[in-house]
Amino acid sequence: LLAALALCSCYQSKAPLIAARDADFPIAGTPRYAFDEWNKSERRWDSSETGSVSREGDHYLQHKDNAGSSAPDSFLVKAIGEGFFIAQEGSDDAYSYDLLRIEGNTVYDYGVACDSDAKKYMARGLIDSVDDGGLAPVCTVCDFDRLAQVFRAIAAEHPQPKGRFVLTP
């Protein structure tokens with residue numbers, strides 16, 4: 001569910017913060033999804049893509065309908081309370097994170113960006129570093145609990161998700 005917003009590589013770690021053995025699996029079966037993006041100027045949801053999600057052992061796979069022969073995207077999720085989850089995808093080089101909220105058959109994706117607020121979280125010791133040298137800033141984190149604190153604060157300050165996956169069995 002992460003790949004639809006491409007994660008923008010905004011919150012990353014060098015090592016995984018969610019171990020497969022500690023992951024949660026709130027999505028049952030192999031549902032189809034319709035992904036919509038929030039159109040801020042029009043204040044409405046716009047259709048974007050369709051696909052399905054499946055659990056394969058200790059992780060989920062996202063299969064996009066328009067991906068052709070591309071491999072599905074692998075990800076893990078871990079609950080942080082009140083219907084919120086942190087999603088992790090990555091490889092041996094870098095792991096990327098995003099915030100999800102699940103309400104019934106809808107998974108809201110916050111598309112959390114490493115933005116001007118990052119400095120205040122870094123000052124509080126919740127983010128390890130901010131790299132402004134690429135196309136988009138990258139916030140580096142090394143602790144799941146601190147990342148959860150940052151994401152909860154961001155959700156409280158910016159409650160409008162950037163995307164939603166509507167799941168059907």
Side-chain angles (χ1 to χ4, degrees), residues 1-31 33 35 49 51-64 67 70-115 117-118 120-122 124-131 134 136-159 161-167:
L1 297 179
L2 307 174
L5 289 179
L7 279 184
C8 72
S9 299
C10 296
Y11 280 80
Q12 290 186 347
S13 66
K14 293 187 189 306
L17 301 183
I18 303 171
R21 70 181 175 278
D22 298 327
D24 294 309
F25 296 94
I27 301 168
T30 306
Y33 71 80
F35 179 70
E49 73 175 46
S52 64
V53 176
S54 63
R55 180 175 173 183
E56 300 293 327
D58 64 0
H59 61 278
Y60 285 117
L61 292 176
Q62 178 184 359
H63 309 266
K64 296 180 192 177
S70 297
D73 297 307
S74 174
F75 66 98
L76 297 170
V77 298
K78 180 76 179 151
I80 60 170
E82 298 179 25
F84 286 97
F85 295 80
I86 292 180
Q88 168 187 282
E89 76 172 347
S91 63
D92 293 334
D93 295 69
Y95 295 82
S96 297
Y97 301 90
D98 201 357
L99 179 65
L100 306 176
R101 181 172 41 92
I102 300 177
E103 288 183 7
N105 70 335
T106 304
V107 178
Y108 294 96
D109 187 335
Y110 282 76
V112 179
C114 180
D115 58 17
D117 288 341
K120 73 179 176 185
Y121 299 123
M122 199 163 72
R124 291 173 44 200
L126 299 174
I127 295 174
D128 298 306
S129 65
V130 177
D131 180 2
V138 175
C139 290
T140 301
V141 294
C142 70
D143 181 84
F144 181 83
D145 292 330
R146 290 187 297 187
L147 177 62
Q149 288 181 52
V150 170
F151 279 7
R152 278 191 209 101
I154 289 171
E157 293 173 17
H158 308 284
K162 294 184 179 156
R164 72 177 179 189
F165 296 85
V166 179
L167 306 177

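Given the structure is predicted, the values throughout are model-derived calculations rather than measurements.
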Next item on the list: Test Tyr97 against Tyr11 for ring pair (Phe, Tyr, Trp, His ring centres under 6.0 Å), laying out the working first.
Entry: CA-CA 5 Å; Tyr97 301 90; Tyr11 280 80; 8.5 Å; no

Output the distance between atom [atom1] ([X]) and atom [atom2] ([Y]), rounded to the nearest 0.5 Å.
{"X": "Tyr108", "Y": "Ile102", "atom1": "OH", "atom2": "CD1", "value": "11.5 Å"}
{"X": "Gln149", "Y": "Phe144", "atom1": "CD", "atom2": "CZ", "value": "11.0 Å"}
{"X": "Thr30", "Y": "Arg55", "atom1": "OG1", "atom2": "CZ", "value": "11.0 Å"}
{"X": "Leu147", "Y": "Thr140", "atom1": "CG", "atom2": "OG1", "value": "11.5 Å"}
{"X": "Phe151", "Y": "Leu126", "atom1": "CZ", "atom2": "CG", "value": "12.0 Å"}

What residues form a salt bridge (charged side-chain N to carboxylate O under 4.0 Å, His left out) with [X], not counting sequence neighbours?
{"X": "Asp131", "result": "none"}
{"X": "Glu157", "result": "Lys120"}
{"X": "Arg101", "result": "Glu103"}

Has [X] got a side-chain atom pairing as donor or acceptor with [Y]'s backbone, closer than 3.5 angstrom?
{"X": "Tyr60", "Y": "Ile27", "result": "yes"}
{"X": "Arg164", "Y": "Thr106", "result": "no"}
{"X": "Gln88", "Y": "Ile18", "result": "yes"}
{"X": "Asp128", "Y": "Cys142", "result": "yes"}
{"X": "Asp24", "Y": "Pro26", "result": "no"}
{"X": "Asp109", "Y": "Lys162", "result": "no"}

For [X] and [Y], work out which heavy atoms get closest and say how close.
{"X": "Ile127", "Y": "Ala118", "value": "CD1-O, 3.8 Å"}
{"X": "Leu17", "Y": "Asp143", "value": "CD2-N, 3.9 Å"}
{"X": "Pro31", "Y": "Leu167", "value": "CB-CB, 4.1 Å"}
{"X": "Ala153", "Y": "Tyr121", "value": "CB-OH, 3.5 Å"}
{"X": "Gly111", "Y": "Asp98", "value": "N-OD1, 3.1 Å"}

With the side chain counted from C-beta on, respond yes when [X] and [Y] share a heavy-atom pair under 4.5 Å apart, and no when they do not.
{"X": "Gln62", "Y": "Tyr33", "result": "yes"}
{"X": "Arg146", "Y": "Val141", "result": "no"}
{"X": "Val166", "Y": "Asn105", "result": "yes"}
{"X": "Phe75", "Y": "Val53", "result": "yes"}
{"X": "Ser96", "Y": "Gln12", "result": "yes"}

Note to self: Please enumerate all residues that pass side-chain hydrogen bond (donor to acceptor under 3.5 Å, both in side chains) together with Lys14, with sequence neighbours excluded.
What the structure shows: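 By the side-chain hydrogen bond (donor to acceptor under 3.5 Å, both in side chains) rule, Lys14 matches no residue at all.
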
Next item on the list: Apply side-chain hydrogen bond (donor to acceptor under 3.5 Å, both in side chains) to His59 and list each qualifying residue two or more places apart in sequence or on a separate chain.
Entry: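 side-chain hydrogen bond (donor to acceptor under 3.5 Å, both in side chains) list for His59, sorted by chain: empty.
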
Next item on the list: Step by step, work out the side-chain contact (heavy atoms from CB on, under 4.5 Å) result for Leu99 and Ile154.
Entry: CA-CA 9 Å; Leu99 179 65; Ile154 289 171; 5.8 Å; no

Item checked: Residues in ring pair (Phe, Tyr, Trp, His ring centres under 6.0 Å) contact with Phe85, at least two apart in sequence or another chain -> none

Note to self: When you measure from the SG of Cys114 to the SG of Cys10, is the result less than 2.5 Å?
What the structure shows: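 Answer is no: Cys10 does not pair with Cys114 in a disulfide.
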
Next item on the list: Any chance you could lay out the side-chain contact (heavy atoms from CB on, under 4.5 Å) test for Lys64 and Asp73, step after step, and finish with the verdict?
Entry: CA-CA 9 Å; Lys64 296 180 192 177; Asp73 297 307; 3.7 Å; yes

